Protein chains: 2
Amino acid sequence: MENRILIVDDDVNICDLLEIYLEKEGYKVYKANSGVDALKIFKERQLDLIVLDVMMPGLDGYETLKEIRKTSAIPVVMLTAKGETFDRVLGLELGADDYIVKPFEPKELVARIRAVLRRYKPQVQKKSLEYKDLIIDADSFIVIYKGQEMELPPKEFELLYFLASNPNKVFTRDQLLYEVWGYDYPGDSRTVDVHIKRIREKLPEHDEWQIKTVWGVGYKFEVKS
Amino acid sequence: MENRILIVDDDVNICDLLEIYLEKEGYKVYKANSGVDALKIFKERQLDLIVLDVMMPGLDGYETLKEIRKTSAIPVVMLTAKGETFDRVLGLELGADDYIVKPFEPKELVARIRAVLRRYKPQVQKKSLEYKDLIIDADSFIVIYKGQEMELPPKEFELLYFLASNPNKVFTRDQLLYEVWGYDYPGDSRTVDVHIKRIREKLPEHDEWQIKTVWGVGYKFEVKS
DNA sequence: CCATTTTTGAACAAAATTTTAACTGATTAT
DNA sequence: ATAATCAGTTAAAATTTTGTTCAAAAATGG
């Protein structure tokens, strides 16, 4: 489901800029130009993350954050002016999840927001998958293959989980790096292959399913029907 | 298939630099040194993304973008000299998809382009095609002929998929090279014929459809009605 | 902080596909 | 009928993509 983000900054231009970028990323955006407005929206709406400017007239970012933290553990990314190391420490101690120094690249902010959301979201929704002789349990991070429990390292587990969540659909290495690793950069490396190899080692080919190489394209979790 | 990118900048050096980087990433690159040239190429060619400099003599980046947006939602990344937040908002409100400040790191530009393309490509979801005794499934990259699953190599698959997506329409070899391979092909070759032959071998002629040679012109995926 | 495990990225060999080029066969126009 | 094109076939060369290994970097757990 679409993530909802509240942007709080007294500079309307910054709010607008971020709104455009975040909406392009598929987020639902709310805006507030003061701490007071922010708290109002925060109480009224169901939000997933707040971007909070530190320096604002009236209720500043710290006070607003302190107020929010009285009732909620919602992820908060702080915007701070350059050079104020103290700000960062204070912000993080008050429970900010990340901070970004102005002037910032919108792209960077978007990436950080995505990273913070990644840290928080997964706990909520993942369920376990079942195929013949294979159970992938997302709660316990455990795989049961032919009745035998095994622990996979996190990346291997997530890769397997992602592929098995989308059976019979091919993903390119780039897509997998993006979806599983969260990367946004171009890399030609065999990283994905190496992980695939290890998963295959641990879960030898099966009649009913297998991780299949689609030559020239990528990999898929193929299930016989 | 290879993504096609148009670079628009009056500075030839920048065009050349970007061309080198983007080609290394596997993109097909076109270049234009003015807004007018850009619009001409945009009308002639099938493109996937445009990198557009803001400051150009004659038709500037904003005007060019406005022109493009009258007919197309193609992803556009704007290039600008170090500037103000307001510029960004303007560009983005005109429908730019991202914004990069000069001087930039080529790596960063490449990363942004990839990110923008990733956002847009999935929407153009390839769907699977169905004819009598023939299913071409673009998700799993599989062809099912008379109930039997087969895997085609990538070029064969894409060629078949393209032809079958446009039944009863004839394409010249050049068009196919352009559409499937992404080439502006230097001269004449039997490449297409060889691939057609291999597809025909794997999918023997059928009553309801066939890949037909149109003598002196090219090929078509013919469907009986 | 150290020891151990996991992840990463480069190198390279192996496998599969794609392209080329030369040749053969088919069709058309004169 | 014959020349001139155009299409089909073939096999080997060239290219691309994948699998595997390994050492170093990063993360993890005491």
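What's counted below: heavy atoms across the whole structure, side chains too, no hydrogens, waters or symmetry copies. In this text, all values refer to a predicted model and were calculated from it rather than measured experimentally. So that the names make sense, note that chain A is the first sequence line, chain B the second, and so on, each numbered from 1.
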Distance-only criterion, 3.5 Å: show the donor-acceptor pairs between side-chain atoms of residues 213-222 of chain A and protein atoms not counting sequence neighbours.
from, atom 1, to, atom 2, distance (Å)
A:Thr213, OG1, A:Arg200, NH2, 2.7
A:Tyr219, OH, A:Arg173, NH2, 3.2
A:Tyr219, OH, A:Asp193, OD2, 3.2
A:Lys220, NZ, A:Glu222, OE2, 3.4
A:Lys220, NZ, B:Ser140, O, 2.8

Worksheet entry | A:Tyr219 OH to D:dT18 C1', straight-line distance once rounded to whole Å | 6 Å

Worksheet item: Which residues pass the side-chain hydrogen bond (donor to acceptor under 3.5 Å, both in side chains) test with A:Asp9, sequence neighbours left out?
Response: A:Lys102

Discussion item. Need the bend value for the helix from C:dC1-D:dG30 to C:dT30-D:dA1: angle between end axes, 5 pairs each end, nearest 10°.
Written reply: 40°

Fill in: Qualifying residues under side-chain hydrogen bond (donor to acceptor under 3.5 Å, both in side chains), relative to B:Lys197, sequence neighbours excluded
B:Glu201

Practice prompt. With the side chain of A:Trp181 defined as its heavy atoms from C-beta on, choose the nearest nucleotide among C:dT18, C:dT8, C:dT7.
Written response: C:dT8

What protein N or O atoms touch nucleotides 21-29 of chain D N or O atoms at under 3.5 angstrom, if any, and at what distances?
none

Under 3.5 Å between N/O atoms: give me all the protein pairs with nucleotides 27-30 of chain C, atom names plus distance.
none

Worksheet entry | Euclidean distance, atom CD1 of residue A:Ile196 to atom P of C:dT8 [Å, nearest integer] | 13 Å

Practice prompt. Just jot down the salt bridge (Lys or Arg N to Asp or Glu O under 4.0 Å) partners of B:Glu151, sequence neighbours excluded, or say none.
Written response: A:Lys212

Fill in: A:Lys132: salt bridge (Lys or Arg N to Asp or Glu O under 4.0 Å) partners, not counting sequence neighbours
none

Practice prompt. May I have the distance from B:Lys155 (atom NZ) to C:dT20 (atom C1'), rounded to whole angstrom?
Written response: 16 Å

Worksheet item: Separation of A:His195 atom NE2 from C:dG9 atom C1', in whole Å?
Response: 12 Å

Worksheet item: With A:Lys70, which residues qualify under salt bridge (Lys or Arg N to Asp or Glu O under 4.0 Å), at least two apart?
Response: A:Glu67

Practice prompt. Considering just the side-chain nitrogens and oxygens of B:Thr213, establish if one lies under 4.0 Å of OP1 or OP2 belonging to D:dG8.
Written response: yes

Practice prompt. Would you mind classifying the nucleic acid contact of A:Val217 as base, sugar-phosphate or nothing, using non-hydrogen atoms under 4.0 angstrom?
Written response: sugar-phosphate

Discussion item. Holding to side-chain hydrogen bond (donor to acceptor under 3.5 Å, both in side chains), I want the full list of residues that pass it with B:Arg198, two or more places apart in sequence or in another chain.
Written reply: none

Worksheet item: Of the nucleotides D:dG19, C:dT20, C:dT18, which has the atom closest to the B:Pro154 side chain?
Response: C:dT18

Worksheet item: Who passes salt bridge (Lys or Arg N to Asp or Glu O under 4.0 Å) against B:Lys31, sequence neighbours left out?
Response: B:Asp16, B:Glu19

Response to the item:
Taken in chain and number order and not counting sequence neighbours, the residues that satisfy side-chain hydrogen bond (donor to acceptor under 3.5 Å, both in side chains) with B:Tyr21 are none

Worksheet item: Phosphate oxygens OP1/OP2 of C:dT20: is one of them under 4.0 Å from a side-chain N or O of B:Thr191?
Response: yes

Worksheet item: B:Tyr30 ring centre to B:Lys28 NZ or CZ under 6.0 Å, with the angle to the axis within 45°?
Response: yes

